[in-house]
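The residues of the chain are indexed from 1 along the displayed sequence. These figures come from a predicted structure and were not determined experimentally. Counting starts at 1 for both ligands and their atoms, in listed order.
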Amino acid sequence: MSRLTKDEAAARLAEINARMNDACDVAKRAQGSARLVAVSKTFDAEAVRPFLEAGQRIFGENRVQEAKAKWPQLRDQYSGVELHLIGPLQSNKVREALELFDVIETLDREKLAAEFAKERERGMKLPKLYCQVNTGEEEQKAGIRPRGCDAFVKTCCDNYGLEIEGLMCIPPVDQPSGPHFALLNKMADKLNLSVRSMGMSADYEEAIWCGATHVRVGSALFGSRDGLRSK
Ligand SMILES: *Cc1c(COP(=O)(O)O)cnc(C)c1O
């Protein structure tokens with residue numbers, strides 16, 4: 001696994017941030033109105049460190065166990081880290097996830113909502129919550145179907161007292177992302193949710209044109225995950 005120097009990490013961050021600002025300009029949005037979530041999955045603590053040194057503070061991980069192996073120690077060394085869970089959450093890992101993450105982007109079923117409510121009852125502080133929407137209605141993909149989204153968000157609020165801040169989607173790999181981003185944006189508007197997490201290395205600018213408030217960028221920052229387990 002290649003390690004970048006702090007300067008190399010800073011240069012990559014600067015380039016992505018500049019392109020994000022340009023995308024905001026094109027969309028007539030305020031610069032800085034979209035946040036960069038640096039997706040560090042599959043990269044170990046030492047590969048992440050240069051990005052922390054360069055000032056990045058928002059990171060995304062897709063596995064609870066992997067996050068647990070690297071982040072508690074990094075958090076001790078760098079203040080202000082905001083860690084997002086962007087991968088599927090099994091209900092038997094809820095407790096651990098609540099201890100590790102500041103934001104869980106992948107709330108997608110009532111069972112999880114119930115688990116969160118139960119943990120809160122036991123005194124656990126809940127992270128910020130986004131619902132994952134399966135905009136492409138793909139069989140194998142996690143997320144609520146678009147048609148069920150309004151009801152699901154309402155159930156989370158009314159039945160479990162959860163505050164949902166936003167929506168997240170991962171468009172199908174074999175389709176243009178634009179229509180999926182537009183759909184997610186429209187759904188969030190309708191539900192009055194401020195956060196839209198969408199766009200990855202290949203399409204984060206387009207996501208910003210479509211209203212993304214958070215883009216999740218991995219390989220464009222850390223390099224290719226080829227040969228590593230990835231998702
Ligand atoms: C891996 C991953 C990303 C980052 O993908 P890149 O193409 O490497 O930028 C974004 N979102 C989710 C949910 C992911 O699993």
Side-chain angles (χ1 to χ4, degrees), residues 1-2 4 9 12-20 23 34-44 47-48 50-51 56 58-71 82-90 93 97 100-109 112 127-138 140-144 165-178 180-181 183-185 188 195-231:
M1 189 183 297
S2 68
L4 302 179
R12 288 196 184 176
L13 286 166
E15 194 203 321
I16 306 260
N17 278 305
R19 288 176 59 169
M20 287 173 64
R35 316 294 302 277
L36 174 61
V37 180
V39 177
S40 48
K41 66 184 184 194
T42 76
F43 290 91
D44 66 14
V48 176
F51 290 87
Q56 177 67 23
I58 310 178
F59 291 86
E61 290 284 346
N62 70 335
R63 289 164 183 261
V64 173
Q65 288 321 112
E66 186 186 333
K68 199 175 171 180
K70 62 181 134 171
W71 280 101
E82 180 181 300
L83 196 59
H84 291 225
L85 177 65
I86 60 170
L89 177 58
Q90 295 164 261
K93 298 232 171 78
L100 279 165
F101 292 97
D102 304 290
V103 180
I104 290 179
E105 299 204 9
T106 50
L107 171 53
D108 66 350
R109 56 195 193 279
L112 276 183
K128 294 181 174 174
L129 300 172
Y130 312 163
C131 292
Q132 181 175 354
V133 184
N134 185 356
T135 56
E137 311 208 24
E138 294 171 279
Q140 80 290 358
K141 195 166 273 175
I144 322 146
E165 292 212 355
L167 303 179
M168 172 274 209
C169 74
I170 310 169
V173 285
D174 58 351
Q175 289 177 26
S177 316
H180 295 275
F181 295 157
L183 174 62
L184 195 81
N185 191 55
V195 169
R196 298 104 215 257
S197 169
M198 53 193 196
M200 316 201 290
S201 291
D203 52 19
Y204 63 91
E205 290 154 297
E206 187 171 11
I208 289 172
W209 300 335
C210 295
T213 60
H214 292 70
V215 297
R216 309 178 307 265
V217 175
S219 45
L221 283 169
F222 293 94
S224 157
R225 291 181 300 270
D226 280 356
L228 298 166
R229 83 186 142 69
S230 65
K231 236 189 118 240

*Asks:* What atoms in ligand 1 come closer than 4.0 Å to a heavy atom of R216?
*Replies:* 4 (C), 9 (O), 10 (C), 11 (N), 12 (C), 13 (C)
*Asks:* Where do S201 and A220 come nearest, in terms of heavy atoms and distance?
*Replies:*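 Heavy atoms of S201 and A220 come nearest at OG-N, 3.0 Å.
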*Asks:* Could you list which atoms of ligand 1 come closer than 4.0 Å to a heavy atom of S201?
*Replies:*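 Here the atoms of ligand 1 in question are 6 (P), 7 (O), 8 (O), 9 (O).
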*Asks:* Are any of the N or O atoms of N62 closer than 3.5 Å to those of ligand 1?
*Replies:* no
*Asks:* Who's closest to atom 12 (C) of ligand 1 heavy-atom-wise, of V215, I86, T106, L85?
*Replies:* I86
*Asks:* Atoms of ligand 1 less than 4.0 Å from V217 heavy atoms?
*Replies:*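 Per the distance check, 9 (O).
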*Asks:* Name the orientation class of the two ring planes belonging to W71 and F59 (parallel below 30°, tilted from 30 to 60°, perpendicular beyond 60°).
*Replies:*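 The rings of W71 and F59 sit tilted, inter-plane angle from 30° to 60°.
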*Asks:* Look at atom 2 (C) of ligand 1 and find which of K41, E61, E105 reaches it with the closest heavy atom.
*Replies:* K41
*Asks:* Indicate whether the side chain of R216 and that of S197 have a donor and an acceptor atom separated by less than 3.5 Å.
*Replies:*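 Result is yes, a qualifying pair exists.
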*Asks:* What I want to check is whether the side chains of R19 and Y204 have a donor and an acceptor closer together than 3.5 Å.
*Replies:* yes
*Asks:* Would you check if the side chain of D108 reaches a backbone N or O of G143 as a donor-acceptor pair within less than 3.5 Å?
*Replies:* yes
*Asks:* Answer yes or no: does an N/O atom from G218 fall short of 3.5 Å to an N/O atom of ligand 1?
*Replies:* yes
*Asks:* Salt bridge (Lys or Arg N to Asp or Glu O under 4.0 Å) between E61 and K70: does it pass, once the steps are laid out?
*Replies:* CA-CA 10 Å; E61 290 284 346; K70 62 181 134 171; 2.9 Å; yes
